[in-house]
Protein chains: 2
Amino acid sequence: MKKPKTRIQLRNEAIILGASLDVFSQFGFRGSTLDQISEAAGLSKANLLYYFPSKEAIHAALLAQLLETWIDPLKRLDPTGDPVEELLAYAHRKLDMSKRFPRESRLFANEILQGAPHINNVLQGELRDLTDQTHQVITKWVEAGAIRPVDPYHLIFTIWALTQHYADFAVQVRAIMGDQDPFESAGDYLETLLRRLLTP
Amino acid sequence: MKKPKTRIQLRNEAIILGASLDVFSQFGFRGSTLDQISEAAGLSKANLLYYFPSKEAIHAALLAQLLETWIDPLKRLDPTGDPVEELLAYAHRKLDMSKRFPRESRLFANEILQGAPHINNVLQGELRDLTDQTHQVITKWVEAGAIRPVDPYHLIFTIWALTQHYADFAVQVRAIMGDQDPFESAGDYLETLLRRLLTP
DNA sequence: CGTTGTTTTGACCAGTTGGTCAAACTACGA
DNA sequence: TCGTAGTTTGACCAACTGGTCAAAACAACG
């Protein structure tokens, strides 16, 4: 039933998604135009619409691709592992994502800033559930005295906010730190922060 | 030379700035339209352009107004005060700003996400200078043993990222915390975090 | 080579965009 | 009350927007 994809199809779809990630992550959905994307992709506008039925469809494909990998690091937090080390590892995974996929991070930030019109269901569904589970795990760790008392929600927000800050506010970070690579030192800092906060 | 402003002028300019803050903070400059703003303001589009010469001008007025108050909390950090208490007070001021001016926070976030095209000079000028001064102050505090060793830049980013997160990612925070008011508990959490991180 | 399916394009469309303008309307002090 | 400065509007414009379409160009394969 489903036709296999041509080499050209595969290549051009990848080109389009890459180019549109550049544009959407900077200007958001409404602020981006197909002309911008087509120029970034080096394809005619009509050609874009041969591979994707609409602007919405490109954006949706991008978000779907993003969400797959975005929530993953949290899933890999092991409730049976050493609490401090598990949380540290999670923070490092998130920081690594910000370093490797800053555009994806900004795409997500843009979507949230605009009120998450396309992913509200994910926020209130999958993400909420996963966060609730993590909340329970952390609560138990606190009760067991494995980490110092801390509000689990705010702890999670701390990790999210800090790690994503280096991607989302990269321009500001660069303006202040100059040529230094923020990610170089951020890993150590994050480790220090969390150890001091959590180690009993 | 400069004509005094009418009551009507004052009122309508305020209305326009308020409405455009709603719109710009959600969709960014490019994603916002004068039609949206005029509807939000309850004024005709032509009337908007009687008070402001262009869309750019409205946005510029908004940013100028924002920057005045945005950097202020950092200026009030007292190098001669008690280090931990000073940093704590700064963090609380910032959190308070996020609570009271979430739209302004999102306007700023949008501007940074888009590469700060309108305020790059401020970032690399005033903000950079101010941050450098603060960096020196914190460094001296560390050297004096008044606070535990910590990278000053990342410490500042921590305060920025965390406090602004509650405004910029409000939709996500709400999706996860439900009806709880995040700001209720965020103050205490922030205090705990910074004390554990900084207190020698 | 010719045929068939895939890819690319330029011309085109209707709706939206930021912005202009002259005319109409309103506030208000003399 | 009148005159004038300040205010509001609807009609209008050119550029841009997302999207369509038929025709042309290309690739692949026997």
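What you see is a predicted model; the values in this text were computed from it and never measured. Reminder, nothing fancy here: chain letters follow the sequence lines and each chain counts from 1.
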Worksheet item: Between the side chains of B:Asn12 and B:Tyr51, does any donor sit under 3.5 Å from an acceptor?
Response: yes
Practice prompt. Write down the distance between CD (B:Glu13) and P (D:dG6), rounded to a whole number of angstrom.
Written response: 13 Å
Worksheet item: Just by distance, do the side chain of A:Lys55 and the backbone of A:Phe29 share a donor-acceptor pair under 3.5 Å?
Response: yes
Fill in: Whether A:Arg106 side chain and B:Leu113 backbone form a donor-acceptor pair below 3.5 Å
no
Worksheet entry | Rounded interatomic separation in angstrom, taking CG from B:Leu43 and P from D:dG10 | 13 Å
Worksheet item: Given C:dT8, is OP1 or OP2 found less than 4.0 Å from the side-chain N or O atoms of A:Asn12?
Response: yes
Item to complete: Compare side-chain N and O positions of B:Tyr50 against OP1 and OP2 of D:dT8 and report whether any pair is under 4.0 Å apart.
Response: no
Worksheet item: Rounded to the nearest Å, what distance is computed from the CG atom of residue A:Leu10 to the C1' atom of nucleotide C:dT6?
Response: 15 Å
Worksheet item: What's the CZ-P distance between A:Phe52 and D:dG18, to the nearest Å?
Response: 16 Å
Practice prompt. Measure up the B:His59 and B:His118 rings against each other and bin them: parallel (under 30°), tilted (30 to 60°), perpendicular (over 60°).
Written response: perpendicular
Practice prompt. Mark up nucleotides 17-30 of chain C, 5' to 3', with B wherever a protein heavy atom is under 4.0 angstrom from a base atom, S wherever such an atom reaches only the sugar-phosphate, and - elsewhere.
Written response: SBBBB------S--
Worksheet entry | Check: A:Asp78 main-chain N/O paired with A:Glu86 side-chain donor or acceptor under 3.5 Å | yes
Discussion item. In whole Å, I'd like the distance from the CZ atom of B:Arg11 to the P atom of D:dG6.
Written reply: 16 Å
Worksheet item: For D:dG6, does either OP1 or OP2 sit under 4.0 Å from a side-chain N or O belonging to B:Gln9?
Response: no
Worksheet item: Would you find a donor on one side and an acceptor on the other, under 3.5 Å apart, between the side chain of A:Thr69 and the backbone of A:Leu66?
Response: yes
Worksheet item: Between D:dA25 atom C1' and A:Asn47 atom CG, what is the distance in whole Å?
Response: 12 Å
Worksheet item: Once you round it to whole Å, what is the distance between C1' of D:dG10 and CG of B:Leu48?
Response: 15 Å
